[in-house]
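From a predicted model like this one, the values you see are computed outputs, not experimental measurements.
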Number of protein chains: 2
Amino acid sequence: MSNKPTESELEVLKVLWTKGPSTVREVNDLLNESREVGYTTTLKIMQIMAQKGFVSRDESSRTHVYSAAVQEGDIKNALVDRLMETAFSGSASQLVMQALGRGNASKEELQRIKELIKRLEGGES
Amino acid sequence: MSNKPTESELEVLKVLWTKGPSTVREVNDLLNESREVGYTTTLKIMQIMAQKGFVSRDESSRTHVYSAAVQEGDIKNALVDRLMETAFSGSASQLVMQALGRGNASKEELQRIKELIKRLEGGES
DNA sequence: ATTTATTTACGAATCTTTTCGTAGAATGTT
DNA sequence: AACATTCTACGAAAAGATTCGTAAATAAAT
């Protein structure tokens with residue numbers, strides 16, 4: 001749980017976060033919509049994730065049901081922290097500037113960011 | 001060049017970006033200030049990077065001098081894009097909100113971000 | 001000139017992650 | 001019942017990244 005998930009593990013987590021508790025078959029089918037993955041490959045990854053504590057599973061029926069055991073926000077925080085650390089010398093604003101500079105934030109998104117900044121500044125004007 | 005640098009490769013690039021063209025010895029010495037790395041390890045990584053096109057090198061003297069062959073901004077863009085894609089479903093604002101939510105942005109940094117947003121808002125329409 | 005140090009090149013050991021083949025158990029189908 | 005399908009478990013192959021040992025060449029030191 002302390003460690004960060006790998007690429008593949010993150011893919012699985014994203015499925016579990018959005019679809020909720022799922023079987024290997026369900027996760028694998030969804031993954032195969034974007035890229036080709038063997039069933040046992042997905043199974044193996046999810047077994048490893050269970051071992052690492054990223055997911056928990058219900059083994060009461062033959063077909064196990066997996067659930068995310070880590071919070072979406074926690075993992076994303078960790079990923080952002082890591083990128084901030086490794087590439088942006090720990091500076092949040094550098095990362096933010098780089099991200100905004102990509103240019104694919106809509107007016108509404110910019111508005112929401114401005115509101116967040118206001119809140120962070122203390123709520124004045 | 002098309003691919004993304006690994007962790008270690010990024011470390012080397014950061015050195016070359018900030019210190020400019022450097023020898024393996026210089027890079028390795030700097031890396032060893034934060035963690036222990038063998039000289040030949042750093043050498044090998046930089047050789048691989050040369051092969052991948054991440055760095056170029058001047059072999060005119062026995063001690064080769066390496067220079068970054070990729071732009072700092074380009075790589076950081078790619079890293080941000082990748083995180084945005086893999087973890088935030090391609091949404092810049094989600095990534096930004098998460099980063100700002102970490103709480104380690106100073107008033108001055110927030111100010112600079114606000115100015116960037118103003119520029120982004122004013123630039124179009 | 002001989003020895004010592006530094007550097008590159010090469011290859012291999014190690015480690016992590018990803019992938020998949022195979023076997024055996026459980027379930028479903030005919 | 002016999003056969004086919006689905007699932008888990010296990011192990012190992014394949015691929016990528018990291019680490020380092022060793023040898024050969026060059027340079028520096030004595």
For this session: Provide, to the nearest angstrom, the distance between the NZ atom belonging to K52(B) and the P atom belonging to dG16(D).
Result: 10 Å
Exercise. What salt bridge (charged side-chain N to carboxylate O under 4.0 Å, His left out) pairs are there with at least one residue in residues 27-44 of chain A, not counting sequence neighbours?
Worked result: E11(A)-R35(A)
For this session: Please report, rounded to the nearest Å, how far the P atom of dG16(D) is from the CZ atom of F54(B).
Result: 14 Å
For this session: In whole angstrom, give the distance that lies between atom CG of L43(A) and atom C1' of dT19(C).
Result: 12 Å
For this session: Decide yes or no on salt bridge (Lys or Arg N to Asp or Glu O under 4.0 Å) for K114(B) and E121(A), but give the supporting numbers first.
Result: CA-CA 11 Å; K114(B) 281 200 295 188; E121(A) 283 174 330; 3.0 Å; yes
Problem set entry | Set of side chain to side chain donor-acceptor pair (under 3.5 Å) partners for Q98(B), sequence neighbours left out | N77(A)
For this session: Would you tell me if any nitrogen or oxygen in the side chain of R57(A) comes within less than 4.0 Å of OP1 or OP2 on dC7(D)?
Result: no
For this session: Specify the separation, in whole Å, of atom OH of Y66(B) and atom C1' of dA9(C).
Result: 10 Å
Exercise. Do any N or O atoms from the side chain of S91(A) and from the backbone of Q94(A) form a donor-acceptor pair under 3.5 angstrom?
Worked result: yes
Exercise. Less than 4.0 Å between a side-chain N and a carboxylate O, is that true for K76(A) and E72(A)?
Worked result: yes
Problem set entry | Euclidean distance, atom CZ of residue R25(B) to atom P of dA5(C) [Å, nearest integer] | 13 Å
Exercise. Within this structure, what is the CG-to-P distance between L31(B) and dT19(D), rounded to whole angstrom?
Worked result: 10 Å
Can you tabulate the close N/O pairs, meaning under 3.5 Å, that link protein atoms to atoms of nucleotides 11-15 of chain C?
residue : atom : partner : partner atom : Å
dG11(C) : N7   : K44(B)  : NZ           : 3.3
dG11(C) : O6   : K44(B)  : NZ           : 3.4

Exercise. Looking at residues at least two apart in the chain, or sitting in another chain, which of them share a salt bridge (charged side-chain N to carboxylate O under 4.0 Å, His left out) with K14(A)?
Worked result: none
For this session: With sequence neighbours excluded, tell me which residues meet side chain to side chain donor-acceptor pair (under 3.5 Å) with R25(A).
Result: none
Exercise. Can you tell me if CD on Q51(B) sees more than 12 non-hydrogen neighbours from other groups inside 6.0 Å?
Worked result: no
For this session: Calculate the interatomic distance between I48(B) atom CD1 and dC10(C) atom P; express it in whole Å.
Result: 13 Å
Exercise. Any donor-acceptor pair under 3.5 Å linking the side chain of N32(A) with the backbone of V37(A)?
Worked result: yes
For this session: Round to the nearest Å and state the distance from E26(B) atom CD to dT8(C) atom C1'.
Result: 16 Å
For this session: Give a yes/no answer on whether the side chain of Y39(A) brings an N or O atom under 4.0 Å of OP1 or OP2 in dT19(C).
Result: no
For this session: Please work out if Q47(B) contacts a base, only the sugar-phosphate, or nothing of the nucleic acid, heavy-atom cut-off 4.0 Å.
Result: base
Exercise. Is the shortest side-chain N/O distance from T63(A) to OP1 or OP2 of dT6(D) below 4.0 Å?
Worked result: no
Exercise. Reckon T41(B) touches a base, only the sugar-phosphate, or nothing at all at heavy-atom distances under 4.0 Å?
Worked result: base
Exercise. Reckon R35(A) has a side-chain N or O less than 4.0 Å from the OP1 or OP2 of dT18(C)?
Worked result: no
Seminar exercise, completed: Quick tally for nucleotides 21-28 of chain D: nucleotides whose base has a protein heavy atom under 4.0 Å get B, sugar-phosphate-only ones S, the rest -, giving BB--BBS-
